[in-house]
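The model shown is predicted, which means the values in this text are computed figures rather than measured ones.
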Amino acid sequence: MAPSIITLIVALFASFPAISGFYSAAIKPWCSQAPFPLACESVEQFLEHNPINILPIIGKSDFFKASLQFALDSAMHAKVYTYSLGMLSRNAKEKAAWSDCLELLEDTIVKINMTLDPSAKCLSDDIQTWLSTALTNFETCKSGFFDFAETNNVLPLIVSSNVAELISNLLYLNKGSYGDPSCKARLPTWVPPSPQPNIVVAQDGSGNYMTVNEAIADAGNRTGNGRYVIYVKQGTYEENVDIGTAVVGDGFIARGITFRNTAGPENYQAVALRSGSDLSVFYQCSFEGYQDTLYVHSQRQFYRECDIYGTVDFIFGNAAVVFQNCNIYARNPPSKTNALTAQGRTDSNQNTGISIHNCRVMAASDLKPVQSSVRTYMGRPWQKYSRTVFMKTFLDGLIDPTGWMPWSGDFALDTLYYGEYQNTGPGSSTSGRVTWKGYRVITNSTEASEFTVANFINGNYWLPATNVPFTSGF
């Protein structure tokens with residue numbers, strides 16, 4: 001007989017015995033300040049019951065490595081149980097949600113392994129990015145179960161298995177550390193200024209394939225290193241393109257292409273693009289949809305000279321992302337309320353957020369005639385530590401004088417970080433803005449500079465090789 005969900009939960013937690021005290025004195029100083037002290041102290045039981053991992057805990061770096069090992073071990077346990085529970089699912093939708101969780105856990109294991117690679121010389125920000133992504137993966141997994149009340153009741157016990165708390169503690173331990181700038185050498189091989197395509201997609205039959213998905217499948221079969229270039233000739237390709245689970249390969253570049261979801265304004269969430277690609281660039285692209293158009297899921301991303309169209313939360317997610325010299329167009333929403341952004345930072349130590357720099361925020365053609373009857377806000381807090389900044393951006397008259405809207409009641413109003421710095425245009429006046437504790441009009445250039453390409457996504461280390469123009473500072 002197949003094991004029950006409750007049996008699997010018991011087995012999961014029975015795999016970690018009680019603390020015996022051998023390492024207590026060494027780890028107490030760090031655990032006492034960690035976001036989740038009990039999870040932090042549980043690292044000791046892992047060390048004491050895994051002799052191969054017993055190390056002298058001399059300094060913070062030793063404890064950080066031990067905590068990483070424990071988080072990796074726990075994530076691997078979670079993967080096994082997630083697979084088992086997915087096999088017990090009752091219907092296709094539940095099975096799909098469990099399958100998504102399994103892929104997200106696999107990616108989390110990859111990210112933790114990257115931080116443990118002894119041959120990798122990397123910046124502290126790289127580690128913080130990978131750990132931030134790992135935590136975001138857990139939140140994404142949980143959100144896939146909101147429609148399944150019974151499963152959702154046990155999901156936090158099954159899937160997280162303390163891993164999310166362990167990762168939060170790792171984010172705390174790593175914050176403010178310094179790495180090796182030679183990590184630049186680890187970056188992927190980028191394209192030359194005029195790359196020759198490996199594959200051409202053309203609907204008229206003049207290329208290698210007539211669909212984008214066929215080209216993606218071919219690319220997956222290739223061997224060797226180096227960048228793989230797919231040139232898509234002009235045309236409308238009505239496909240659901242899946243690269244992995246989304247755009248997840250490091251160093252993804254898209255140039256001069258439109259991502260459009262045709263579901264329409266009445267069909268609620270309809271994502272045109274979801275990207276979780278680290279060190280990725282979108283140049284002169286267009287993203288067209290209504291609710292939730294562009295899902296900047298995780299990792300470091302850069303958008304330059306792009307057009308983004310939508311209504312509710314149409315730039316959302318938990319990446320560290322900079323939009324520069326872009327046009328952001330609000331459309332006419334059925335609800336008569338727009339929110340340009342919905343940033344999803346769940347931990348105050350995640351290095352994530354949305355930075356909108358030197359862009360233009362305007363009404364799309366369908367909103368202009370009814371603009372006075374629609375309230376358009378710069379953003380609302382999807383998660384507790386939501387972080388979004390508009391800098392030196394033109395805000396047209398469509399922006400509501402209060403600027404920002406709440407998600408639900410007073411949720412996150414004290415813990416979010418929403419900032420405005422030297423914006424212009426009819427909607428840029430801050431005199432009537434919200435008075436939340438987490439909102440600020442930024443007057444200090446040093447504070448604002450934290451959200452530039454150079455500082456927020458370490459763009460000076462990797463963007464020059466992409467041959468895409470960018471402004472490093474203001």
Test item: Val296 and Tyr303 side chains (from C-beta on) under 4.5 Å apart, heavy atoms: yes

Considering all heavy atoms of both residues, which atom of Ile457 and which atom of Ala320 are nearest to each other, and what is their separation? CG2-O, 3.3 Å

Name the orientation class of the two ring planes belonging to Phe287 and Phe259 (parallel below 30°, tilted from 30 to 60°, perpendicular beyond 60°). parallel

Check: Thr129/Asn351 side-chain N/O donor and acceptor closer than 3.5 Å: yes

Please assess Ser429 against Ser431 for the test side-chain hydrogen bond (donor to acceptor under 3.5 Å, both in side chains), listing each intermediate value before the final yes or no. CA-CA 6 Å; Ser429 173; Ser431 61; 3.1 Å; yes

Looking at side-chain heavy atoms only, is the closest gap between Glu420 and Ser428 below 4.5 Å? no

Taking Asn162's backbone N and O only, do any of them form a donor-acceptor pair with Glu165's side chain (distance below 3.5 Å, no angle check)? no

Electrostatic pair Arg274:Asp292 at N-O distance under 4.0 angstrom: no

So that I can confirm a possible disulfide, could you see if the SG-SG distance for Cys141 and Cys101 falls below 2.5 Å? yes

Indicate yes or no for a side-chain donor-acceptor contact from Asn318 to the backbone of Ser298 under 3.5 Å, with no hydrogens or angles considered. no

Please test Val374 against Leu398 for side-chain contact (heavy atoms from CB on, under 4.5 Å), starting from the C-alpha separation and ending with a verdict. CA-CA 8 Å; Val374 174; Leu398 74 162; over 6 Å; no

Give me the atom names and distance for the closest heavy-atom approach of Ile230 to Ala219. CD1-CB, 4.4 Å

With sequence neighbours excluded, residues passing ring-ring contact (aromatic ring centres under 6.0 Å, His included) with Phe456: Phe451

Rounding to 0.5 Å, atoms CG (Asn327) and CZ (Phe394) come to a distance of 11.0 Å

Side chains of Lys142 and Leu104 in contact at under 4.5 Å (non-hydrogen atoms): no

Will you find, in the side chains of Tyr283 and Asn467, an N or O donor that is under 3.5 Å from an N or O acceptor? no

Please answer whether the main-chain N or O of Ser132 pairs with a side-chain N or O of Gln350 as donor and acceptor at a distance below 3.5 Å. yes

Out of the candidates Asp107, Thr115, Thr108, only one should pair with Lys111 under the side-chain hydrogen bond (donor to acceptor under 3.5 Å, both in side chains) rule; please name it. Asp107

Verify, without hydrogens or angle tests, whether Gln301 (side chain) and Ala319 (backbone) share a donor-acceptor contact under 3.5 angstrom. no

Quick one: is the NZ or CZ of Arg304 closer than 6.0 Å to the six-membered ring centre of Phe470, and within 45° of its axis? no

Carboxylate-amine/guanidinium contact Asp204 Lys233, below 4.0 Å: no

Would you say that more than 12 heavy atoms from the other residues, nucleotides or ligands in this model lie under 6.0 Å from the CZ of Arg433, or not? yes

With side-chain contact (heavy atoms from CB on, under 4.5 Å) as the criterion, how do Val389 and Glu450 come out once you've worked through the C-alpha distance, each side chain's angles and the decisive distance to 0.1 Å? CA-CA 10 Å; Val389 172; Glu450 295 176 11; over 6 Å; no

State whether the side chain of Tyr418 and the backbone N or O of Phe390 hold a donor-acceptor pair below 3.5 Å, judged by distance alone. no

Under 3.5 Å, side-chain donor or acceptor atoms of residues 356-370 against the rest of the protein: list the pairs with distances, not counting sequence neighbours.
{"from": "His357", "atom 1": "ND1", "to": "Gln324", "atom 2": "NE2", "distance (Å)": "3.1"}
{"from": "Asn358", "atom 1": "ND2", "to": "Asn325", "atom 2": "OD1", "distance (Å)": "3.0"}
{"from": "Asp366", "atom 1": "OD2", "to": "Asn332", "atom 2": "N", "distance (Å)": "3.3"}

Start with the C-alpha gap between Ile315 and Leu340, add the side-chain angles, then the distance that decides, and say whether side-chain contact (heavy atoms from CB on, under 4.5 Å) holds. CA-CA 6 Å; Ile315 301 172; Leu340 308 182; 5.7 Å; no

From Lys384 atom NZ to Leu413 atom CG, the distance as rounded to the nearest 0.5 Å: 12.0 Å

Side chain to side chain, Asp278 and Trp130, heavy atoms closer than 4.5 Å: yes

Hey, does the side chain of Thr341 reach the backbone of Gln343 with a donor-acceptor pair shorter than 3.5 angstrom? no

Does Gly438 offer a backbone N or O that forms a donor-acceptor pair with the side chain of Arg440 under 3.5 Å? yes

Would you say the side-chain atoms of Arg331 pair up with the backbone N or O of Gly289, donor to acceptor, closer than 3.5 Å? yes

Going from OH on Tyr309 to OG on Ser286, what distance comes out if it is rounded to the nearest 0.5 angstrom? 5.5 Å

Are any non-hydrogen side-chain atoms of Ser449 and Phe474 less than 4.5 angstrom apart? yes

Between Glu266 and Tyr290, do the side chains contain an N or O donor and an N or O acceptor separated by less than 3.5 Å? no

Donor-acceptor side-chain pairing of Thr337 and Ser335 below 3.5 angstrom: no

Should Leu395 and Met378 be marked as a side-chain contact (heavy atoms from CB on, under 4.5 Å) after you check the CA-CA gap, both sets of side-chain angles, and the distance that decides it? CA-CA 9 Å; Leu395 303 174; Met378 300 163 73; 3.9 Å; yes

Working to the nearest 0.5 angstrom, can you tell me the gap between Leu170 CG and Gln128 CD? 9.5 Å

Going by heavy atoms in the side chains, are Phe316 and Gln269 under 4.5 Å from each other? yes

Any idea which heavy atoms bring Tyr237 and Val232 closest together, and the distance? CE1-CG1, 3.4 Å

Thr393 side chain to Met391 backbone, donor-acceptor under 3.5 Å: yes

State the OG1-OH distance between Thr388 and Tyr439, to the nearest 0.5 angstrom. 12.5 Å

What are the two closest heavy atoms between Ser277 and Gly251, and how far apart are they? OG-N, 3.6 Å

Which heavy atom of Val163 sits nearest a heavy atom of Ala75, and at what distance? CG2-N, 3.7 Å

Please find the pair of heavy atoms, one from Asp396 and one from Pro426, that lie closest to each other, and give the distance. OD1-CG, 3.7 Å

Do Ser386 side-chain atoms and Gln383 backbone N/O form a donor-acceptor pair below 3.5 Å? no

Heavy-atom side-chain proximity of Thr140 to Tyr295 below 4.5 angstrom: yes

Taking the side chain as everything from C-beta on, heavy atoms only, tell me whether Tyr172 gets closer than 4.5 Å to Asp347. no

Interatomic distance, OH@Tyr329 vs CG@Asp307, rounded to 0.5 Å, equals 5.0 Å

Regarding Thr376 and Asn338, do their side chains bring together a donor and an acceptor under 3.5 Å, going by distance alone? yes

Whether the Asn213 and Thr211 side chains hold a donor-acceptor pair (N or O, under 3.5 Å, no angle test) is what I'd like checked. no

